[in-house]
A.B. asks: 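Before I ask anything, here is the structure I am working with.
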Amino acid sequence: MSSTSTHSFSLTKPEFSCLLPQRRNGRCRIQSPILPSKIHLHGLSISRGISKLSGFKSNGFLVHYFSSDFSVDNQGGVEKSASSDTAKKPEVQSSIWKWKGYSIRYQYSGNSGPALVLVHGFGANSDHWRKNIPVLAKKHRVYSIDLIGYGYSDKPNPREFGDNSFYTFQTWATQLNDFCADVIKDKAFFICNSIGGLVGLQAAVMEPQMCRGIVLLNISLRMLHIKKQPWFGRPFIRSFQSLLKNTALGKLFFKSVATSESVRNILCQCYHDTAQVTEELVQKILLPGLEPGAVDVFLDFICYSDGPLPEELLPQVKCPVLIAWGDKDPWEPIELGRNYANYDPVEDFVILPNVGHCPQDEAPHLVNPIVASFVARHSRARATVSTVS
């Protein structure tokens, strides 16, 4: 797919997914002497003023954005009117949705415009979009959901569901589609990070009528998927997963991870700009992980090496897809991510320079305008089609 847009980004055709203890600038390190040293889980500043410009990369080329209406604060990605820098940000509210008997926490803001659903990655929750919701809510109806098992949503024990994994992309995709039908009561654009990208793609494949388009931010490559392992290594992977899930070793591992120091160290690894790893962020990630049931969710998912791969879902998607990738992601290398630009639904592959695995939080000043442009482009396209028909 190719597209052009007026007065917006002009783009040419263009998990926590793993835990890899590592030191950066002598600041970030995870020490876990009883565990392997490496365990891979799943895991623009736009200048103010008229016609000022800066750029980012799309398919390896520099593209520019011209704006006479708004600029973006390079600290938090907060959209500002050119005529007034004191515009009040929309209020962000929190609510509970009852889904299949479970309580699901979500946040929302905005009263008009297309609906957006923001989908977090492994170990995160809807607070990971706190720098995006109020900005995007100025022209959209924005919803950020805690996937079941994460954040402040319920965390049912996966053992209650027998031998089959409960925390799968099919489960979360069903949750996402039902949320659109029951709460939003409309189709929506899915904006997804890391494993959230698999959730968005799976949802769009299962019920294509609910999804208007998808933005994938550093989607999980699922490198530990059983299909990506050599045949001779698969029994060992299964055995190690069973060891984690069914013995005290797994809970001991989780206990070593679920601390402020460890969470900070993990974030320091996946954020290229470690100044963005604030105490606020650490606590927003950590505290939901200390709730009852969180350890069972954690172990169930890191032992989930089946299910779909991005390369299996993308060919089945009927809606437009934009992929944006932080080029300093240590977990999901951009060299591998570039391959996804070749699938038909993918209209743009945007490189985010000097950004790590969670661009929406590390570089909202890049991500928010990209999302707004993509949504505006396809909302206009839909309106044009409707008018013609």
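The first residue of the sequence shown is numbered 1, and numbering continues consecutively from there.
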A.B. asks: Show your working on side chain to side chain contact (heavy atoms under 4.5 Å, CB included) between Arg130 and Glu280 and close with a plain yes or no.
C.D. replies: CA-CA 11 Å; Arg130 68 198 185 286; Glu280 177 195 25; 3.5 Å; yes

A.B. asks: Does Val199 share a hydrophobic cluster with Met206, counting links as ILVMFWY side-chain heavy atoms below 4.5 Å and allowing steps through other members?
C.D. replies: no

A.B. asks: Going by heavy atoms in the side chains, are Ser144 and Tyr108 under 4.5 Å from each other?
C.D. replies: no

A.B. asks: Would you say Lys138's side chain and Val135's backbone share a donor-acceptor pair under 3.5 angstrom?
C.D. replies: no

A.B. asks: Would you compute the distance between atom CZ of Phe298 and atom CZ of Phe254 and round it to the nearest 0.5 angstrom?
C.D. replies: 6.5 Å

A.B. asks: Testing the basics here: between Asn193 and Cys358, what is the closest heavy-atom pair and its distance to 0.1 Å?
C.D. replies: OD1-SG, 3.9 Å

A.B. asks: Considering residues at least two apart in sequence or located in another chain, which fulfil the side-chain contact (heavy atoms from CB on, under 4.5 Å) criterion with Asn157?
C.D. replies: Arg159, Glu160, Asp296

A.B. asks: Taking the side chain as every heavy atom from C-beta outward, state whether Thr259 and Ser262 have any atom pair closer than 4.5 Å.
C.D. replies: yes

A.B. asks: Any donor and acceptor pair, going by atom type alone, linking the side chain of Thr274 with main-chain N or O of Cys268 inside 3.5 Å?
C.D. replies: no

A.B. asks: Got a second to check how far Glu362's CD is from His272's NE2, nearest 0.5 Å?
C.D. replies: 7.5 Å

A.B. asks: Without hydrogens or angle criteria, can the side chains of Glu207 and Thr174 be said to hold a donor-acceptor pair below 3.5 Å?
C.D. replies: no

A.B. asks: Return yes if some donor-acceptor pair links the side-chain N/O of Gln316 with the main-chain N/O of Glu312 below 3.5 Å, else return no.
C.D. replies: yes

A.B. asks: Mind running salt bridge (charged side-chain N to carboxylate O under 4.0 Å, His left out) on Asp273 and Lys328 for me, showing each step along the way?
C.D. replies: CA-CA 10 Å; Asp273 179 7; Lys328 295 298 190 292; over 6 Å; no

A.B. asks: Are Tyr271 and Leu281 close enough that some pair of their side-chain heavy atoms sits under 4.5 Å apart?
C.D. replies: yes

A.B. asks: Answer yes if the ring centres of Phe179 and Trp97 are under 6.0 angstrom apart, and no otherwise.
C.D. replies: yes

A.B. asks: Establish whether Phe169 and Met210 are linked, either directly or via other cluster members, by ILVMFWY side-chain heavy-atom contacts under 4.5 Å.
C.D. replies: no

A.B. asks: Looking at Glu347 and Arg377, does any basic side-chain N land under 4.0 Å from a carboxylate oxygen?
C.D. replies: yes

A.B. asks: Using atom types as modelled, flag every donor-acceptor pair under 3.5 Å from a side chain in residues 110-124 to any protein atom, sequence neighbours excluded.
C.D. replies:
| from | atom 1 | to | atom 2 | distance (Å) |
| --- | --- | --- | --- | --- |
| His120 | ND1 | Ala124 | O | 3.4 |
| His120 | NE2 | Leu147 | N | 3.0 |

A.B. asks: How many angstroms lie between atom CG of Leu352 and atom CG of Leu217, to the nearest 0.5 angstrom?
C.D. replies: 7.5 Å

A.B. asks: Before you tell me yes or no, could you show the steps for His140 and Val371 under side chain to side chain contact (heavy atoms under 4.5 Å, CB included), namely the whole-Å CA-CA distance, both residues' side-chain angles and the distance that decides it to 0.1 Å?
C.D. replies: CA-CA 11 Å; His140 311 87; Val371 171; over 6 Å; no

A.B. asks: How many angstroms lie between OH in Tyr106 and OG in Ser153, if you round to the nearest 0.5 Å?
C.D. replies: 11.5 Å

A.B. asks: So His128 and Gln360, do their side chains get closer than 4.5 Å, heavy atoms only?
C.D. replies: yes

A.B. asks: Apply side chain to side chain contact (heavy atoms under 4.5 Å, CB included) to Glu311 and Tyr343, showing your working.
C.D. replies: CA-CA 8 Å; Glu311 52 267 37; Tyr343 289 91; 3.1 Å; yes

A.B. asks: Would you say that Tyr167 contacts Pro156 through its side chain, given a criterion of any heavy-atom pair below 4.5 Å between the two side chains?
C.D. replies: yes

A.B. asks: Working to the nearest 0.5 angstrom, can you tell me the gap between Ile351 CD1 and Leu366 CG?
C.D. replies: 12.5 Å

A.B. asks: Students often mix this up, so state it plainly: with edges at 30° and 60°, are the rings of Tyr150 and Trp172 parallel, tilted or perpendicular?
C.D. replies: tilted

A.B. asks: Specify the closest pair of heavy atoms between Pro308 and Gln202, including all atoms of both residues, with the distance to one decimal.
C.D. replies: CG-OE1, 3.3 Å

A.B. asks: Does the Asn218 side chain pair with the main chain of Gly326, one donor and one acceptor, at a distance under 3.5 Å?
C.D. replies: yes

A.B. asks: To the nearest 0.5 Å, what is the distance between CD1 on Ile191 and CG on Leu322?
C.D. replies: 9.0 Å

A.B. asks: Please name the pair of heavy atoms, one in Ala258 and one in Leu290, separated by the smallest distance, quoted to 0.1 Å.
C.D. replies: O-CD2, 3.7 Å

A.B. asks: Of all heavy-atom pairs between Tyr340 and Ile323, which one has the smallest distance, and what is that distance?
C.D. replies: CB-CD1, 3.5 Å

A.B. asks: Determine the minimum heavy-atom distance between Pro310 and Ser220, stating which atoms define it.
C.D. replies: CG-O, 3.3 Å

A.B. asks: Taking only Lys NZ, Arg NE, NH1 and NH2, and the carboxylate oxygens of Asp or Glu, determine whether Lys155 and Asp146 approach each other closer than 4.0 Å.
C.D. replies: no

A.B. asks: Give me the atom names and distance for the closest heavy-atom approach of Leu314 to Val346.
C.D. replies: CD2-CG2, 4.1 Å

A.B. asks: Look only at the side chain of Ser109 and the backbone of Glu91, and say whether a donor-acceptor pair between them is shorter than 3.5 Å.
C.D. replies: yes

A.B. asks: Between Phe161 and Asp300, is there a side-chain heavy-atom distance shorter than 4.5 Å?
C.D. replies: no

A.B. asks: Is it true that a side-chain atom of Asn125 and a backbone atom of Lys284 form a donor plus acceptor pair closer than 3.5 Å?
C.D. replies: yes

A.B. asks: Assess whether side-chain hydrogen bond (donor to acceptor under 3.5 Å, both in side chains) is satisfied between Lys318 and Gln209, documenting all intermediate values.
C.D. replies: CA-CA 9 Å; Lys318 306 301 181 185; Gln209 76 280 5; over 6 Å; no

A.B. asks: Do Val142 and Ile96 share a hydrophobic cluster (ILVMFWY, side-chain heavy atoms under 4.5 Å, transitive)?
C.D. replies: no

A.B. asks: May I have the step-by-step check of salt bridge (charged side-chain N to carboxylate O under 4.0 Å, His left out) for Asp127 and Arg105, ending in yes or no?
C.D. replies: CA-CA 11 Å; Asp127 289 331; Arg105 195 263 301 239; 3.5 Å; yes

A.B. asks: Taking the side chain as every heavy atom from C-beta outward, state whether Leu287 and Tyr152 have any pair of such atoms under 4.5 Å apart.
C.D. replies: yes

A.B. asks: Determine whether Ser379 and Arg212 make a side-chain contact, defined as any pair of heavy atoms from C-beta on separated by less than 4.5 Å.
C.D. replies: yes

A.B. asks: The test is side-chain hydrogen bond (donor to acceptor under 3.5 Å, both in side chains); show your working for Glu332 and Ser194 and say whether it passes.
C.D. replies: CA-CA 9 Å; Glu332 313 292 357; Ser194 191; 5.1 Å; no

A.B. asks: Would you say the side-chain atoms of Ser126 and Gln107 include a donor-acceptor pair closer than 3.5 Å?
C.D. replies: yes

A.B. asks: Should Asp178 and Trp99 be marked as a side chain to side chain contact (heavy atoms under 4.5 Å, CB included) after you check the CA-CA gap, both sets of side-chain angles, and the distance that decides it?
C.D. replies: CA-CA 8 Å; Asp178 288 350; Trp99 179 66; 2.9 Å; yes

